[in-house]
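Report on one structure; see the data block that follows.
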Amino acid sequence: MSDFTVYTDDADRVRRLMQAYLTNVKADYIMLVHRDGSVISEVGSIGMDTTPLAVLSTASFGSARQIGTMLGEAEFKSVSYTGEKRSIYIAPVEDALLLVQIFSGNKLPNRIEDYNKLLVEKLVEAVPAFTQNTSKIRR
């Protein structure tokens, strides 16, 4: 379980930032997930229970990070999968959180890395506790 507290004002700020981002990049659903699989915040809808998605996304990102290490990469900055009907983009927010983003269709938005980076910066600025977390994943 996550080891920091997100207060009501912080949670509202996070939801507003995520909702604006969802609208701008035309995502169907975005969730902020702790690396233990706990959902911190979510906006949008994909018509299913997203708890298993949160857990599997953290496992997928962890696996990709290990593959990166095996290939001599310090770390992979994101993981993405595209299908015919849906696509997913998973990226870290500091050391203990992930943004999981679901899009309709078989393509991710152009410049998704740039847009994601801006959202991450705004989230970290909005909620300093995100950077003060002590349950960091060791590399």
Side-chain angles (χ1 to χ4, degrees):
M1 184 56 84
S2 58
D3 63 348
F4 56 85
T5 302
V6 178
Y7 296 100
T8 302
D9 289 345
D10 293 338
D12 291 341
R13 200 172 307 121
V14 166
R15 265 193 298 281
R16 283 193 306 273
L17 287 168
M18 289 173 59
Q19 184 62 51
Y21 179 85
L22 178 132
T23 302
N24 287 335
V25 298
K26 297 179 175 68
D28 294 334
Y29 176 78
I30 300 172
M31 73 176 141
L32 183 63
V33 180
H34 189 272
R35 295 272 176 94
D36 68 5
S38 302
V39 177
I40 305 296
S41 185
E42 57 189 332
V43 295
S45 176
I46 54 172
M48 61 181 275
D49 177 10
T50 55
T51 303
L53 178 63
V55 173
L56 290 170
S57 294
T58 61
S60 175
F61 193 82
S63 295
R65 184 166 265 176
Q66 290 303 313
I67 291 169
T69 301
M70 290 173 64
L71 297 175
E73 290 290 328
E75 66 181 58
F76 282 162
K77 301 205 182 320
S78 66
V79 174
S80 62
Y81 302 99
T82 55
E84 288 187 33
K85 296 178 183 174
R86 291 235 165 104
S87 299
I88 187 169
Y89 182 82
I90 307 167
V93 177
E94 293 298 318
D95 290 320
L97 302 174
L98 294 173
L99 270 173
V100 178
Q101 305 167 47
I102 308 292
F103 299 89
S104 293
N106 62 359
K107 291 185 181 179
L108 294 170
N110 290 335
R111 300 185 57 210
I112 187 67
E113 296 89 0
D114 296 334
Y115 293 126
N116 182 80
K117 182 179 176 185
L118 289 173
L119 176 59
V120 167
E121 289 170 359
K122 289 179 181 182
L123 288 170
V124 169
E125 182 180 307
V127 185
F130 290 165
T131 62
Q132 297 165 358
N133 185 4
T134 59
S135 67
K136 298 177 182 177
I137 302 299
R138 302 289 177 218
R139 294 182 190 148

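Remember, predicted model here, so these are calculated numbers, not experimental data.
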Please report the shortest heavy-atom distance between Arg15 and Val43, naming the atom on each side. O-CG1, 3.9 Å
Start with the C-alpha gap between Val100 and Ile30, add the side-chain angles, then the distance that decides, and say whether side-chain contact (heavy atoms from CB on, under 4.5 Å) holds. CA-CA 6 Å; Val100 178; Ile30 300 172; over 6 Å; no
Exercise: identify the closest heavy-atom pair between Val25 and Pro109: O-CG, 3.7 Å
Please identify each residue that fulfils side chain to side chain donor-acceptor pair (under 3.5 Å) with Tyr115, with sequence neighbours left out. none
Does the distance from a Lys or Arg side-chain N to an Asp or Glu carboxylate O, for Asp114 and Lys117, drop under 4.0 Å? no
Search all heavy atoms of Ala126 against all heavy atoms of Leu17 and return the closest pair with its distance. CB-CD1, 3.8 Å
Please confirm whether the backbone N or O of His34 pairs with a side-chain atom of Ser38, one donor and one acceptor, at under 3.5 Å? no
Grouping I, L, V, M, F, W and Y whenever their side-chain heavy atoms are under 4.5 Å apart, do Leu97 and Tyr21 come out in a common cluster? yes
Taking the side chain as every heavy atom from C-beta outward, state whether Leu32 and Val93 have any atom pair closer than 4.5 Å. yes
Might you work through the side-chain contact (heavy atoms from CB on, under 4.5 Å) test for Phe103 and Asp28, ending with a clear yes or no? CA-CA 5 Å; Phe103 299 89; Asp28 294 334; 5.5 Å; no
Between side-chain atoms of residues 76-88 and protein atoms elsewhere (two or more places apart, or another chain), which donor-acceptor pairs fall under 3.5 Å?
{"unit_1": "Tyr81", "atom_1": "OH", "unit_2": "Ser60", "atom_2": "OG", "d": "2.6"}
{"unit_1": "Ser87", "atom_1": "OG", "unit_2": "Gly105", "atom_2": "O", "d": "2.8"}

Checking Tyr89 against Glu113 for the side chain to side chain donor-acceptor pair (under 3.5 Å) test, could you report, in this order, the C-alpha distance in whole Å, the side-chain angles of both residues, the deciding distance, and whether it holds? CA-CA 9 Å; Tyr89 182 82; Glu113 296 89 0; 4.7 Å; no
Test your reading of the model: is there a side-chain donor-acceptor pair from Arg35 to the backbone of Ala96, 3.5 Å cut-off? no
Pair Ser45-Tyr29, side-chain donor/acceptor within less than 3.5 Å: no
Can you name the residues that form a side chain to side chain donor-acceptor pair (under 3.5 Å) with Ser41, not counting sequence neighbours? none
